[in-house]
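Structure record follows, encoded as structure tokens.
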Amino acid sequence: MKYIQETMKESIITAINEKFDIQKDEIEFSIPPKRDFGDLSTTIPFILAKKHKQKPFLIGKEIIELIKDKFSFVDDIKLANGGFINFYFNKNYFLKDIFSNKDRAIEKTGRKIIVEHTSINPNKSAHIGHLRNSCLGDTLVKALEYTGNEVEIQNYIDDTGIQLADVVWGVLKHQNKTLDEIKKIDNLSSYLWKLYTEVHKLSDDDGILLEQKKTLHQRIEDKKNPEYEMGDFISKAVTTDHINVMNKLGIRYDLLIKESDIITLDFFKEASEILKKTGIMYLSDDPKKENCWVIKYKKENIEKIIIRSNGTITYIGKDIAYTLWKIGHFTKDFFYTAFYKYEDEKTIYISEDKKTDTDDKLMNNFGKADMVYNVIDTRQSYLQNIILQILNTLSNNTNSRNFSHFSYEMVALTQNCAKEMGFDISEEQKEKSFVEVSGRKGIAIKADDLIDRMKNKALIEVEKRNTDLKKEQINSIAEKIAIGALRYFMIKYNSKSLIVFDFDEVLAFEGDTGPYLQYTLVRINSILNKIGDDNLNIGDNLNIDLLEKDELSDYYNNLLNLSLLEHQIDFAIKSDEISLISNYTYSICQKFNNYYHKYPIVSEKNKEIKNLRISLLLLTKNRLEKLFSILGIPVPERM
RNA sequence: GCACCCAUGGCUCAAUGGAUAGAGCAGCUGACUUCUAAUCAGCAGGUUGGGCGUUCGAGUCGCUCUGGGUGCGCCA
């Protein structure tokens, strides 16, 4: 449909541009809400009515006269409701066009895009809040790849942060453990999860302790042992745990960037030169900010301090430097080494502050992107907006977008859920309609625990329905269902809506859920198995007019919706809204399931009608498989 | 105080300024000797928080009020 629309736009412009003034990007098509209104609709008359100060109805009539014979695949064009131009396609042409183009390769854009997501503090297990980030980020990655972009997936490791220092203090000073002892701990992330909340409780209002932690934090940053060594081990071990959990969900990374390397290599120096030279960063006149280098945040008219009066850099400075590096504003680069290998040998690299043995060829390929996505929750909007402002100023070129704070609302818990988990909730929090997730307070569901819980629920269902299967098969199916359910749940909501988490909702496997989608595709595969490969020779001789009126309408409805795939994915990316992809997938399944119940396929006697139905089946399968791979939803063999 | 976000059936959410505001859950009724009932069909449920405005057309845009949330440090 994307291609049909493009051709139509061009033909329309050529046909009418002598009489009417219209640009290509002003023309928009939409699928009409009712079949009676045709197959594709445009509101050009309304747009022109404003420009030419005429009635939309009259303009519409004139346009139709000008374009009526221009399209071989359009049977009829009608004017409706005061100015809508509705196109009625030749249905057979349309069917053949979609069917023969279903595997058409997407053109490469030649653009390199960096997506940073996950970026969990490496001091404890991943939890549901992180899952939303990673699922959104990964789906974004896959959608960008699908549309022909080269994507580099980065995961930022804050290995010098206070959060890490907290647990290092916990093991060294509070528990007096040595590095060797720590190395022996099974499931370190989970162990630290508990320790972290303990440390947080202890130091809440203990001044001496806070001072001690501050010193320790500085020693990590200065790479002094044993603190540095311990921090380095913990952050790498925990990061590995995070990579493993995410891998279960099909979420992967190309490169880890350590904050310590940004500091050690003094990336900020180069960033600082750029910012000073362009006047973006300047010495403040404000007496309260004497000797501070600041950036003016225009939106709120605030001077944000970047370099403190003592010469040290604030938090955002590192982020600015990192982003400038990503977009290729730097001459400086990191060094790299291999960090992790997936089962298929694909490697995750990690940044280093000095030369390593890793092959040089790989080193030069990181960074230097045409576009950068930072997947970070909405609470960081202020800082991300400052970065956006800097990049906009630097690139003067206002119409090409090269940075997106891909933001989303946080995940919280229902009061019920928090109670069920036995969390210690403050009185203040109890008054609210939800409980904020907090790693520090231990108020969150760990990713591992959630996946296990979902798998167990799926296991019961699979066992009930498939008594003939072996244990491993049941296990593998249950795992796929759990993953599908979780990934769909995490992205189906609009990114601006707060997810108030409850087990009932994530464990629902009926209705608007991942398993519903999976069930649809499993069923399609099962029908195709019954039909057998021999009977799948769908030729060019499909004739949609053989269908009865009602079926024709249902069939065509499915077809039109299926034709929107490319358009929907483009639109989701353009609007920074991943849930559009899951919504679209759901609509395909709903329409197909309805069709399936009305019209038999395997038992249909009329060969031509059977072929028509099979072709719809194949087309639906084709679309769903593409969408599932973008959404990261696995396809179980049976359900 | 300033900035940003949100408000749509009982609940959870859709809707690209467009035609009669759609789904799922919960409730009720019905469909498995017929391609998997994790499914499907039907019933019921709406003044899109209030007001004003822009527009041929507003759930969607602007202003305003109300209610909720988040952010705003020489912390990270």
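Order of the sequence lines sets the chain letters (A, B, ...), proteins ahead of strands, with each chain counted from 1.
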Query raised in the report: If you measure from the P atom in B/G62 to the same atom in B/U16, how many Å do you get, rounded?
Result: 15 Å
Query raised in the report: Between B/A14 atom P and A/Ile588 atom CD1, what is the distance in whole Å?
Result: 19 Å
Requested in this report: Can you tell me, in whole Å, how much space there is between the C1' of B/A38 and that of B/G57?
Outcome: 42 Å
Query raised in the report: Heavy atoms under 4.0 Å, any strand shown: does A/His405 hit a base, just sugar-phosphate, or nothing?
Result: nothing
Query raised in the report: Relative to the 5' end of RNA chain B, which residue comes earlier, A/Tyr586 or A/Cys589, by the nucleotide with the nearest heavy atom?
Result: A/Tyr586
**Report entry** Main-chain N/O of A/Phe84 paired to A/Asn81 side chain as donor or acceptor, under 3.5 Å
**Finding:** no
Query raised in the report: Between B/A15, B/U12, B/A19, which one does the side chain of A/Leu580 approach most closely?
Result: B/A15
Query raised in the report: Could you go step by step and tell me if A/Asp468 and A/Arg638 meet the salt bridge (Lys or Arg N to Asp or Glu O under 4.0 Å) rule?
Result: CA-CA 12 Å; A/Asp468 57 320; A/Arg638 279 174 59 173; 3.2 Å; yes
**Report entry** Pairwise C1' distance for B/A26 and B/G17, with rounding to whole Å
**Finding:** 34 Å
Report summary line: A correct 5'-to-3' footprint of nucleotides 69-75 of chain B, with B, S and - meaning base, sugar-phosphate only and no protein heavy atom under 4.0 Å, is SSBS-BS
Query raised in the report: Side-chain contact, heavy-atom cut-off 4.5 Å: A/Asn133 with A/Asp377?
Result: no
Report task. Using a heavy-atom cut-off of under 4.0 Å over every strand shown, decide if A/Asn594 touches base, sugar-phosphate, or nothing. Result -> sugar-phosphate
Query raised in the report: Contact class for A/Pro33 vs. all strands (heavy atom < 4.0 Å): base, sugar-phosphate, or nothing?
Result: base
Report task. Figure out the CZ/P separation between A/Phe501 and B/C11, and round it to whole Å. Result -> 21 Å
Query raised in the report: Base, sugar-phosphate alone, or nothing: which one does A/Gln590 contact when heavy atoms must sit under 4.0 Å apart?
Result: sugar-phosphate
Query - Exam field: side chain A/Asp159 to backbone A/Ser235, donor-acceptor pair closer than 3.5 Å - result: no
Query - Between C1' of B/U20 and CZ of A/Arg35, the distance in whole Å - result: 16 Å
Query raised in the report: Yes or no on salt bridge (Lys or Arg N to Asp or Glu O under 4.0 Å) for A/Asp261 and A/Lys258, after CA distance, side-chain angles and deciding distance?
Result: CA-CA 6 Å; A/Asp261 298 326; A/Lys258 302 203 297 287; 3.1 Å; yes
Report task. Using atom CZ of A/Phe84 as one end and atom C1' of B/C56 as the other, report the distance to the nearest whole Å. Result -> 10 Å
Query raised in the report: Rounding to the closest angstrom, what is the interatomic distance between B/C11 and B/A19 at atom C1'?
Result: 30 Å
**Report entry** Integer angstrom distance from the C1' of B/U8 to that of B/G68
**Finding:** 16 Å
Requested in this report: Report the distance from atom CD1 of A/Ile306 to atom P of B/A76, rounded to the nearest whole Å.
Outcome: 12 Å
Query raised in the report: When all nucleic acid strands are considered with a 4.0 Å heavy-atom cut-off, which category describes A/Gln568: base, sugar-phosphate, or nothing?
Result: base
Report task. Looking at every strand, decide which applies to A/Lys492 at a 4.0 Å heavy-atom threshold: base, sugar-phosphate, or nothing. Result -> nothing
Report task. Give the rounded distance in Å between these two atoms: CG of A/Asp502 and C1' of B/C25. Result -> 13 Å
Report task. Taking the side chain as every heavy atom from C-beta outward, state whether A/Thr585 and A/Tyr488 have any pair of such atoms under 4.5 Å apart. Result -> no
Query raised in the report: Does B/U16 have a Watson-Crick or wobble partner in any strand here, with both distances under 3.5 angstrom, and which is it?
Result: none
Report task. Take the angle between the ring planes of A/Phe571 and A/His567 and call it parallel below 30°, perpendicular above 60°, tilted in between. Result -> parallel
Query - Rounded interatomic separation in angstrom, taking NZ from A/Lys50 and P from B/G17 - result: 13 Å
Report task. Using the C1' atom on both, measure B/G53 against B/G46 and round to a whole Å. Result -> 24 Å
Query raised in the report: Heavy atoms under 4.0 Å, any strand shown: does A/Asp504 hit a base, just sugar-phosphate, or nothing?
Result: nothing
**Report entry** Donor-acceptor pair present, A/Ser41 side chain and B/A19 base, under 3.5 Å
**Finding:** yes
Report summary line: Judged by nearest nucleotide, the residue sitting upstream toward the 5' end of RNA chain B, A/Lys318 or A/Pro56, is A/Pro56
**Report entry** Ring centres under 6.0 angstrom apart (A/Tyr586, A/Tyr516)
**Finding:** yes
Query raised in the report: Is the backbone of A/Ile376 close enough, under 3.5 Å, to the side chain of A/Asn374 for a donor and an acceptor to pair up by distance?
Result: no
Query raised in the report: Would you say A/Lys55 and A/Lys61 make side-chain contact, with heavy atoms under 4.5 Å?
Result: no
**Report entry** Aro-ring/base stack A/Phe37-B/A19, d under 5.5 Å, angle under 30°
**Finding:** yes
Query raised in the report: What distance, rounded to whole Å, do you find between the two C1' atoms, one in B/U34 and one in B/U47?
Result: 47 Å
Query - Spacing between A/Lys298 atom NZ and B/A3 atom P, to the nearest angstrom - result: 18 Å
Taking only N/O atoms, report every protein-nucleotides 30-38 of chain B pair under 3.5 Å with atom names and distance.
from  : atom 1 : to       : atom 2 : distance (Å)
B/C35 : O3'    : A/Lys530 : NZ     : 3.2
B/C35 : O2     : A/Ile601 : N      : 3.1
B/C35 : O2     : A/Val602 : N      : 2.7
B/C35 : N3     : A/Ile601 : N      : 2.9
B/C35 : N4     : A/Tyr596 : O      : 2.4
B/C35 : N4     : A/Tyr599 : O      : 2.9
B/U36 : OP1    : A/Ser526 : OG     : 2.6
B/U36 : OP2    : A/Lys530 : NZ     : 3.3
B/U36 : O2'    : A/Tyr519 : OH     : 2.1
B/U36 : O2'    : A/Arg523 : NH2    : 3.4
B/U36 : N3     : A/Met639 : O      : 3.1
B/U36 : O4     : A/Met639 : N      : 3.1
B/A37 : OP2    : A/Arg523 : NH2    : 2.9
B/A37 : OP2    : A/Tyr596 : OH     : 3.1
B/A38 : OP1    : A/Tyr519 : OH     : 2.9
B/A38 : OP2    : A/Arg465 : NH1    : 2.2
B/A38 : O5'    : A/Arg465 : NH1    : 3.4
B/A38 : O4'    : A/Arg465 : NH1    : 3.4
B/A38 : N9     : A/Arg465 : NH1    : 3.4
B/A38 : N7     : A/Arg465 : NE     : 3.4
B/A38 : N7     : A/Arg465 : NH1    : 3.3

**Report entry** Pair partner, B/C28 [Watson-Crick or wobble, under 3.5 Å]
**Finding:** B/G42
Query raised in the report: Roughly how far apart, to the nearest Å, are B/C61 and B/G67 at atom P?
Result: 22 Å
Query raised in the report: Passes salt bridge (Lys or Arg N to Asp or Glu O under 4.0 Å), A/Glu551 versus A/Arg613? Steps please.
Result: CA-CA 10 Å; A/Glu551 185 179 357; A/Arg613 292 181 186 160; 2.8 Å; yes
Requested in this report: Could you let me know what B/A58 is paired to, Watson-Crick or G-U wobble, both distances under 3.5 Å, or none if it's on its own?
Outcome: none
Query raised in the report: When the ring planes of A/Phe489 and A/Tyr493 are compared, do they come out parallel, tilted or perpendicular, using 30° and 60° as the limits?
Result: perpendicular
Requested in this report: Report which part of the nucleic acid A/Asp319 touches: base, sugar-phosphate, or nothing (heavy-atom distance under 4.0 Å, all strands).
Outcome: nothing
Requested in this report: Please determine, for B/A7, whether a Watson-Crick or G-U wobble partner exists with both distances under 3.5 Å, and give it or none.
Outcome: B/U66
**Report entry** Selection from B/A19, B/U16, B/C56 that lies nearest to any side-chain heavy atom of A/Phe46
**Finding:** B/C56
